[in-house]
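Take a look at the structure set out below.
Predicted model only: the values in this text are computed from it and were never measured.
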Amino acid sequence: MNSTATTRIDEWAKLTGVDVEIWQRNRMIRRGRVEMASSDSRLAWIMADGIETRTLVEKSQDHVIRISIRNTEMFSQGQVEHPEKIDFVLYEGG
């Protein structure tokens, strides 16, 4: 798996089906796929995966969602409904 820089995405409502990283207070706490998000982009559910349980993330709790920079163009073009085209994200840098 290649390492890729990531970018913060604030429009969580558009991320259903996308593999993301969840950050809180400048620390990556989880990777996973967005199961669903609220229409106002304040909340998102991350799917259960292996030993990781389904997780609710909230902007009010300082959660940040990041996706691969190479996938940002697909996101901005509204192509995120094709999760098979979204890479798993590995963060480099601080």
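Side-chain atoms of T55 never come within 3.5 Å of backbone atoms of I46 as a donor-acceptor pair (strictly under, hydrogens ignored).
In this structure the side chain of V64 never reaches within 4.5 angstrom of the side chain of D62, judged on heavy atoms. Side-chain atoms of T6 and E21, non-hydrogen and from C-beta on, do get closer than 4.5 Å to each other. Side-chain contact between T16 and K14 is absent, with no heavy-atom pair separated by less than 4.5 Å. Residues V57 and L43 are not in side-chain contact: their nearest non-hydrogen atoms beyond the backbone lie 4.5 Å or more apart. Within the 4.5 Å cutoff, side-chain heavy atoms of H63 are placed close to those of Q61.
Taking the centre and axis of the six-membered ring of W12, the NZ or CZ atom of R42 falls outside the cone set by 45° and 6.0 Å.
The environment of CG in N26 is sparse: at most 12 heavy-atom neighbours from other residues, nucleotides or ligands sit within 6.0 Å.
Looking at every heavy atom in both residues, A13 comes nearest to S41 through N-OG, 3.0 Å. Looking at every heavy atom in both residues, V20 comes nearest to L15 through CG1-CD1, 4.5 Å.
A distance of 12.0 Å separates CZ in R66 from CZ in R31, rounded to the nearest 0.5 Å. For the atom pair CD of E35 and CZ of R54, the computed distance is 4.0 Å after rounding to the nearest 0.5 Å. Here the CD1 atom belonging to I65 is positioned 12.0 Å from the CD atom belonging to E11, to the nearest 0.5 angstrom.
Put simply, L56 and V18 are part of two different groups of oily side chains (I, L, V, M, F, W, Y) that touch within less than 4.5 Å, one to the next. Residues I67 and I29 share a single hydrophobic cluster, defined by chaining ILVMFWY side chains whose heavy atoms lie under 4.5 Å apart.
A salt bridge links E52 and R30; the closest N-O separation between the charged side-chain nitrogens and carboxylate oxygens is under 4.0 Å.
Residues satisfying the side-chain hydrogen bond (donor to acceptor under 3.5 Å, both in side chains) criterion with R8, sequence neighbours excluded, are D10.
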